[in-house]
Amino acid sequence: MLKVFTNDFLNVTVRNPETVETDSKTLVDHAVTMIKSARLASTIFSDVKSLKSFTLPPQPVYPVIFISIEDESRDHALAGQDSVDRSVGINVLTKVKSRQKSLDRNVVLADRCRQVIMKYPDFNGACYNMGYVGTTYGQITTGSDLVFGTQVLFNTQSYESLPTS
């Protein structure tokens with residue numbers, strides 16, 4: 001039997017039977033929590049010095065992972081609720097020391113983040129649908145640092161209640 005996919009630390013997919021109302025901050029907090037819990041189970045995350053939500057820290061110690069909301073749109077598809085589509089980016093930045101080693105490390109770290117998020121296809125009950133969009137990577141500068149940056153993008157669908165008057 002040929003294994004198409006192997007995974008050292010994730011062996012199950014978890015899905016909650018119910019979805020709760022979710023705002024952007026809660027969604028990002030769920031992603032941070034999932035990656036923080038994976039740090040305990042995998043040595044690849046042990047070098048991550050900074051795991052933040054929304055923005056890159058002012059003076060980062062690399063490698064850095066930060067989660068961002070890239071896009072948000074609302075549709076009044078449900079009675080009394082908005083169906084909210086959000087693009088969530090998992091951003092991995094690694095300082096360029098040895099070009100090949102740094103790039104390899106960056107891409108592997110980003111792929112592990114993708115695996116962690118895909119283990120929870122409903123973001124721990126925060127979404128009723130989630131899909132992997134793709135991975136983008138390249139070389140960028142942040143301040144005076146030359147870094148490799150990789151973004152793993154997911155599209156999520158959740159709901160929020162409409163305000164009542």
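As the structure is a prediction and not an experimental result, all values here were calculated from the model. The first residue in the sequence is number 1, and the count goes up from there.
- Hydrophobic cluster membership is shared by Ile67 and Ile69, with clusters built from Ile, Leu, Val, Met, Phe, Trp and Tyr side chains linked at under 4.5 angstrom.
- Side-chain contact between Leu103 and Tyr137: present, with at least one pair of heavy atoms (C-beta onward) separated by less than 4.5 Å.
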Report the C-alpha separation of Gln100 and Ser98 in whole Å, then their side-chain angles, then the decisive distance to 0.1 Å, and conclude whether the side-chain hydrogen bond (donor to acceptor under 3.5 Å, both in side chains) test is met.
-> CA-CA 6 Å; Gln100 192 59 49; Ser98 162; over 6 Å; no
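- Side-chain N/O atoms of Ser83 and Gln81 include no donor and acceptor closer than 3.5 Å.
- Looking at Ile90 and Val116, their side chains never come closer than 4.5 Å, going by heavy atoms from C-beta outward.
- Put simply, the side chain of Val133 does not reach to within 4.5 Å of the side chain of Ser87, judged on heavy atoms.
- Two residues are said to be in side-chain contact when any heavy atoms from C-beta on lie closer than 4.5 Å; Phe123 and Thr26 fail this criterion.
- Atoms SG and CD, on Cys113 and Gln151 in that order, are 12.0 Å from each other to the nearest 0.5 Å.
- Residues Met34 and Leu109 fall within the same hydrophobic cluster, defined by Ile, Leu, Val, Met, Phe, Trp and Tyr side chains chained together at heavy-atom separations under 4.5 Å.
- Here the CG atom belonging to Asp122 is positioned 9.0 Å from the NE2 atom belonging to His30, to the nearest 0.5 angstrom.
- Asp111 and Arg114 are joined by a salt bridge, as a carboxylate oxygen and a charged side-chain nitrogen come within less than 4.0 angstrom of each other.
- Between Gln157 and Cys127, the closest side-chain pair of non-hydrogen atoms is not below 4.5 Å.
- A salt bridge (charged side-chain N to carboxylate O under 4.0 Å, His left out) with Arg74 holds for exactly one of Asp23, Asp82, Asp85; it is Asp82.
- Linking ILVMFWY residues whenever their side-chain heavy atoms come closer than 4.5 Å, directly or via other members, leaves Phe148 and Tyr62 in distinct clusters.
- Residue Tyr132 comes nearest to Phe154 through the heavy atom pair CA-CD2, 3.7 Å, listed as atom of the first residue, atom of the second, then distance.
- Thr135 approaches Val152 most closely through the heavy-atom pair OG1-CG2, 4.0 Å.
- Of the possible polar contacts, one joining the Thr156 side chain to the Arg86 backbone as a donor-acceptor pair under 3.5 Å is found.
- Shown here for Ala126 and Thr22, the closest heavy-atom pair between the two residues is O-OG1, 2.8 Å.
- Here CD1 of Ile65 is found 10.0 Å from CG of Asn91. Values are rounded to the nearest 0.5 Å.
- At a threshold of 4.5 Å between non-hydrogen side-chain atoms, the residues Arg99 and Gln139 count as touching.
- Inter-residue side-chain proximity for Val88 and Met130 is flagged as unmet; no heavy-atom pair is nearer than 4.5 Å.
- The two residues Tyr128 and Tyr159 have their closest heavy-atom pair at CE2-N, 4.3 Å.
- Counting heavy atoms from C-beta on, the side chains of Leu93 and Phe66 come closer than 4.5 Å.
- Proximity of a side-chain donor or acceptor of Thr94 to a complementary backbone N or O of Ser102 within less than 3.5 Å is not detected.
- In the hydrophobic clustering of ILVMFWY residues, with side-chain heavy atoms under 4.5 Å counting as a link, Ile140 and Leu146 come out apart.
- In the hydrophobic clustering of ILVMFWY residues, with side-chain heavy atoms under 4.5 Å counting as a link, Val84 and Ile117 come out apart.
- The CG atom of Asn129 sits 8.0 Å away from atom CG of Asn155, with the distance rounded to the nearest 0.5 Å.
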